[in-house]
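A quick write-up on the structure given underneath.
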Protein chains: 2
Amino acid sequence: MVQPDQSSLRNQLLRALAPEDFALVGPYLEPVALPKGKVLIEPNQPIEYVYFAESGVASVVALNSDHRPVEIAIVGWEGLVGPSIVLGVDRTPHQSFFQMEGGGYRIATPHLIRALEASRTLHDLLLRYIYVVTVQTAATAMSNGDSVLSERLARWLLMCHDRVDGNELALTHEFLSLMLAVRRPGVTEAIHLLEGTGMIRARRSHITILDRERLEETAGDSYGVPEAEYERLIPNPEVSGGSHSRRDPREIE
Amino acid sequence: MVQPDQSSLRNQLLRALAPEDFALVGPYLEPVALPKGKVLIEPNQPIEYVYFAESGVASVVALNSDHRPVEIAIVGWEGLVGPSIVLGVDRTPHQSFFQMEGGGYRIATPHLIRALEASRTLHDLLLRYIYVVTVQTAATAMSNGDSVLSERLARWLLMCHDRVDGNELALTHEFLSLMLAVRRPGVTEAIHLLEGTGMIRARRSHITILDRERLEETAGDSYGVPEAEYERLIPNPEVSGGSHSRRDPREIE
DNA sequence: GCCGCTCTGTACGGTTTCATACGATGGCCG
DNA sequence: CGGCCATCGTATGAAACCGTACAGAGCGGC
């Protein structure tokens, strides 16, 4: 197993680890390809691996009575997939799958648990991330109950944009309608609304972010609170040569 | 400070603690009255106390852009108020307040933190509870996005019923409309719907649960998943003489 | 017993979203 | 380059919910 070099990683949690904490997990990290649609965690099944994405985006969904998924959280290179392990819980009723292709590392659950037991600072860092996820899920609950579709869509696009290189998002209306738990033509309309004011450009299976700032205005308070909590609580190590920080200014187009 | 006797407590978390873990927190528990409307945690302010309710019900809410609260979780004698402390975070953007009068204990944050550092089993138990809260919040997100008002109302009444003695809930339509983030006349209509089929009886400022089973059917999958996770993960010590377990059969009227 | 306040019932038009259906379009593959 | 399938645009009527407004009903204080 080739241990990755901590400073060359993009995953912000792994990067934020103290070197001695990274030494506890580094040897057990296995690189994995994370293609679109790959299911990382099955509902109510033991979680065998926890995933640290380097690129791409994962969705955590709850399944409703019609077995339709409803998104409750989104994870990219800022986080990990399989948070319940950090809380000492071996399985969850939710499903996690990759929605935008990428790659990353996984660690077998027993190794992670041993590392968590060995280092309180490691555990503490990951718990602070778990806290941020709870705030994100709360924001999802608020957004779902309180916002019109175009706002919820704006929020979702922003969260996706935060976790991707560049301004191109590979997304279909159908997929968005699943994530936002609305009907597909509704998404089409909401996209036209945002497109009409020039915030985004929509092409077949692709959405381009054109004006992030106005998207944030559109999303209102449903976007921003979890992101600020992340910044407050997860240390942001200096970015090494030309790499990507979540808050880097982005070249538009 | 009179240390309460663990076996005489109703709070399920305190009861579930191993005696040696209870010894770490017991000496610092201060009894508190928890009247309706009392704010336990202010958004973005340092959390000074964590609360263990013995009776009554607390709401955790996020504040939207209009400063209107939207409920994201509900806590009673099964849990604690101030979960972010357990995750090592000193404040949160959410607000917690008491919505149905009761009482309980509070512990000053530094004492709890010291106890969490001293005992991993204590920390682990409380983390498992935090996990259940995340599942509850996820269910709220799903319910908000996916369900009609009467279903959401049924879910909310059930969660409240779980945390109260008897079948009487002291609730106004106005308050429910805040919690569910809908307009007040909508609540009136939804209540009539449930009342028309005999699941509840509504009187001024009071709702009586008449048929819990059919309420659960009405709520569908939005109710039950977090509750099952609680049962799975939090040990349920034997109930001492005539006390109350969450799952006791209830005398209906 | 009356006043006044809170709470509940009801009404109205308007907006958003629903469910469903079907035609158009883009782009991949043979 | 032509066909096919995923994707997207659009239509239509129904339902849920919104914001607002106002009248009636319960209940405590005096």
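Below, read A as the first sequence line, B as the second, and so on, with proteins coming before strands; counting in each chain starts at 1.
- For the pair Leu180(B) CG and dA16(D) P, the interatomic distance rounds to 17 Å; values are reported in whole Å.
- Checked by atom type, the side-chain pair Arg184(B)/Thr188(B) shows a donor-acceptor distance below 3.5 Å.
- Between dG9(C) and His173(B), a contact under 4.0 Å exists linking OP1 or OP2 to a side-chain N or O.
- At dA19(C), none of the side-chain N or O atoms of Arg183(A) fall inside 4.0 Å of OP1 or OP2 (strictly under the cut-off).
- Checking dC22(D), dC8(D), dC17(D) against every side-chain atom of Arg184(A), the shortest atom distance belongs to dC8(D).
- Rounded to a whole Å, the CG atom of Leu171(B) is 19 Å from the P atom of dT6(C).
- Between Glu151(A) atom CD and dC18(D) atom P the separation is 14 Å, expressed in whole Å.
- For the pair Glu174(B) CD and dG9(C) C1', the computed distance is 14 Å after rounding to whole Å.
- Counting any heavy atom pair closer than 4.0 Å across all strands shown, Ile191(B) reaches no nucleic acid atom.
- Judged by atom type and distance alone, Arg204(A) does not reach the base of dG27(C) through any side-chain donor-acceptor pair under 3.5 Å.
- In terms of polar N and O atoms assigned as donor or acceptor, the side chain of Arg203(A) never comes within less than 3.5 Å of the base of dG27(C) in a complementary pairing.
- Considering only the side chain of His192(A), dG9(D) comes nearest among dG9(D), dC8(D), dT8(C).
- Per the geometry, CD belonging to Glu195(B) stands 12 Å off C1' belonging to dG9(C), to the nearest Å.
- With hydrogens and angles left out, the side-chain atoms of Asp162(B) and Tyr230(B) include no donor and acceptor closer than 3.5 Å.
- Atom pair Leu178(B):CG and dC7(C):P shows a separation of 12 Å (rounding to whole Å applied).
- Judged purely by distance below 3.5 Å, without hydrogens or angles, the side chains of Glu229(B) and Tyr131(B) pair a donor atom with an acceptor atom.
- We find that NE2 of His206(B) is positioned 8 Å from P of dC27(D), with the value rounded to whole Å.
- Nearest nucleotide to the Val182(A) side chain, out of dC22(C), dT7(D), dC18(C): dC18(C).
- Under the 3.5 Å distance criterion, with hydrogens and angles disregarded, no donor-acceptor pair is assigned to the side chains of Asn64(A) and Asp221(B).
- In summary, the side chains of Thr140(B) and Arg155(B) do present a donor paired with an acceptor at a separation below 3.5 Å, with no hydrogens or angles considered.
- Atom CG in Leu176(B) sits roughly 9 Å away from atom P in dT8(C) (whole-Å rounding).
- Comparing Pro185(A) and Gly145(A) by the nucleotide of DNA chain D whose heavy atom lies nearest to each, the residue mapping closer to the 5' end is Pro185(A).
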